Amino acid sequence: ALRGLCGAALFLSQLSVLSGRAGSLMTTKLSQPHSTLAKSLTSTSTNAPYFKAFESTEIPPYVTNCPSNGLCSRLPPDCMTCNTNYSCIYGKTATFDCKVKPHVHCVDENNHEQENFTINMTCQFCWQLATSDYVCTNSTNCMTVSCPRQRYNATCTVRDHIHCLGNRVFPKMLYCNWTGGYKWSTALALSITLGGFGADRFYLGQWREGLGKLFSFGGLGIWTLIDVLLIGVGYVGPADGSLYI
């Protein structure tokens with residue numbers, strides 16, 4: 001009976017040792033994924049500020065047009081943001097509160113760097129500016145010599161040094177004013193000297209009228225005199241509808 005009790009006690013002790021080893025193995029295996037996850041989280045949190053710092057240091061494209069360390073009041077309009085002065089009177093000079101855009105550096109009259117400043121601007125919208133203050137696209141498919149005079153849809157952009165209210169790019173209806181390179185003096189000289197042979201009409205690109213004058217000897221001189229008058233006053237122009245130089 002004593003031997004049996006001793007054997008049972010030995011069996012229980014060995015069983016407890018085995019269960020302890022199994023528990024330690026499970027703890028080790030379970031701890032490895034947690035450590036791996038912790039490492040991945042640590043690496044992600046370490047790299048996150050790097051990407052944020054990279055994005056914040058990206059320079060906007062408008063900075064290339066903004067002079068560095070110049071007077072803030074002389075900056076181009078694309079380099080600043082201004083608050084609209086709703087109390088200004090149209091056509092009168094008014095003061096506007098402005099602030100430089102990010103990554104733009106400018107100074108005041110004392111060479112001190114500043115962000116907030118004021119500028120003086122005429123109270124008017126951009127489309128109300130004088131024609132010399134903006135540049136518009138040209139059209140080469142409309143008639144400049146017509147009655148009534150033709151217009152075309154143009155896209156206009158305000159010059160860099162001009163300040164105004166509203167959009168700096170706007171549409172506008174303009175008169176056709178392009179030229180194909182024809183000279184009024186040349187056309188008039190040809191009409192006086194060789195008009196009887198249709199040289200003036202050939203020069204202006206009007207081939208049918210030129211052939212008519214050629215085979216009719218200038219309409220027996222009458223057509224030639226009429227063309228001299230019409231070209232002289234500018235009524236007859238190039239066939240492509242452009243203006244004289």
Side-chain angles (χ1 to χ4, degrees), residues 58-109 113-184 187 204-205 233-245:
E58 185 178 356
I59 300 177
Y62 61 80
V63 177
T64 56
N65 298 326
C66 303
S68 180
N69 295 327
L71 289 176
C72 295
S73 58
R74 300 260 182 106
L75 285 175
D78 293 337
C79 305
M80 65 179 73
T81 304
C82 299
N83 297 326
T84 304
N85 187 352
Y86 294 100
S87 62
C88 66
I89 302 175
Y90 172 74
K92 302 295 183 179
T93 303
T95 302
F96 291 81
D97 296 326
C98 301
K99 181 180 180 181
V100 295
K101 291 184 177 180
H103 302 282
V104 177
H105 302 281
C106 62
V107 296
D108 56 8
E109 289 78 4
E113 187 172 357
Q114 62 177 172
E115 294 184 359
N116 300 315
F117 56 97
T118 59
I119 62 171
N120 294 324
M121 185 188 347
T122 303
C123 183
Q124 61 182 352
F125 288 99
C126 294
W127 59 271
Q128 297 173 322
L129 292 171
T131 55
S132 58
D133 294 335
Y134 53 83
V135 180
C136 300
T137 56
N138 292 325
S139 176
T140 58
N141 57 1
C142 61
M143 299 291 292
T144 59
V145 182
S146 63
C147 186
R149 191 176 177 186
Q150 290 187 2
R151 294 172 178 259
Y152 70 98
N153 292 321
T155 301
C156 302
T157 304
V158 181
R159 299 184 184 275
D160 291 339
H161 64 282
I162 301 298
H163 296 273
C164 57
L165 302 176
N167 296 326
R168 299 184 61 80
V169 179
F170 53 91
K172 200 163 189 178
M173 292 288 294
L174 299 177
Y175 285 109
C176 300
N177 59 352
W178 65 286
T179 178
Y182 296 94
K183 292 184 178 181
W184 173 81
L204 296 175
V233 298
Y235 184 80
V236 174
D240 57 3
S242 62
L243 294 174
Y244 288 115
I245 296 178

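Residue numbers start at 1 and run along the sequence shown. Values in this document were obtained by computation on a predicted structure and should not be read as measured data.
- Looking only at side-chain heavy atoms (C-beta outward), Asn69 and His105 come within less than 4.5 Å of each other.
- Interatomic distance, NZ of Lys172 versus OG1 of Thr131, reported as 7.5 Å (0.5 Å rounding).
- Residues satisfying the ring pair (Phe, Tyr, Trp, His ring centres under 6.0 Å) criterion with Tyr134, sequence neighbours excluded, are Phe170.
- Using a distance-only test at 3.5 Å, with no hydrogens or angles considered, no donor-acceptor pair links the side chain of Asn65 to the main chain of Cys79.
- Within the model, atoms CG of Leu71 and CD1 of Ile119 stand 13.0 Å from one another, a figure rounded to the nearest 0.5 Å.
- Counting non-hydrogen atoms of neighbouring residues, nucleotides and ligands closer than 6.0 angstrom, the CZ atom of Phe125 reaches no more than 12 such neighbours.
- Between Gly237 and Tyr244 the shortest heavy-atom distance is CA-OH, 3.4 Å.
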Pair Leu204-Val236, side chain to side chain contact (heavy atoms under 4.5 Å, CB included): steps then yes or no: CA-CA 9 Å; Leu204 296 175; Val236 174; 4.0 Å; yes

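- You'll find the side chain of Val104 reaches within 4.5 Å of the side chain of Leu75, heavy atoms only.
- Counting only heavy atoms from C-beta outward, the side chains of Phe117 and Met80 approach each other to under 4.5 Å.
- By the side-chain contact (heavy atoms from CB on, under 4.5 Å) test, Asn83 is found to be paired with Asp97, residues two or more places apart in sequence or in another chain being considered.
- Cys72 has its SG atom at least 2.5 Å from the SG atom of Cys98.
- Contact annotation: the side chain of Lys92 never approaches that of Thr122 to less than 4.5 Å [non-hydrogen atoms, C-beta and beyond].
- When the SG-SG distance for Cys106 and Cys66 is compared with the 2.5 Å cut-off, it comes out at or above that value.
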Evaluation steps, side chain to side chain contact (heavy atoms under 4.5 Å, CB included), between Phe96 and Leu165: CA-CA 11 Å; Phe96 291 81; Leu165 302 176; 3.8 Å; yes

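- The number of heavy-atom neighbours closer than 6.0 Å to CZ of Arg74, taken from other residues, nucleotides and ligands shown, is 12 or below.
- Taking both residues in full, the closest heavy atoms of Ala154 and Leu174 are given as CB-CD1, 3.7 Å, listed atom of the first, atom of the second, then distance.
- Tyr152 places a side-chain heavy atom less than 4.5 Å from the side chain of Asn138.
- Of the inter-residue distances, the one linking Asn167 atom CG with Cys156 atom SG reads 12.5 Å to the nearest 0.5 angstrom.
- Thr137 contributes a side-chain N or O that, together with a main-chain N or O of Thr155, makes up a donor-acceptor pair within less than 3.5 Å.
- What you find for Cys126 and Gly166 is that their closest heavy atoms are SG-O, 3.9 Å.
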Test log, rule side chain to side chain contact (heavy atoms under 4.5 Å, CB included), inputs Arg168 and Asp78: CA-CA 10 Å; Arg168 299 184 61 80; Asp78 293 337; 4.1 Å; yes

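- Interatomic distance, Asn153 CG to Met173 CE, rounded to the nearest 0.5 Å: 5.0 Å.
- Between Val135 and Thr157, the closest side-chain pair of non-hydrogen atoms is not below 4.5 Å.
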Derivation and outcome, side chain to side chain contact (heavy atoms under 4.5 Å, CB included), residues Val100 and Glu115: CA-CA 5 Å; Val100 295; Glu115 294 184 359; 4.1 Å; yes

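- Rounding to the nearest 0.5 Å places CG of Asn116 at 11.0 Å from OG1 of Thr81.
- Atom CD1 in Ile89 sits 14.0 Å away from atom CD in Gln124 (nearest 0.5 Å).
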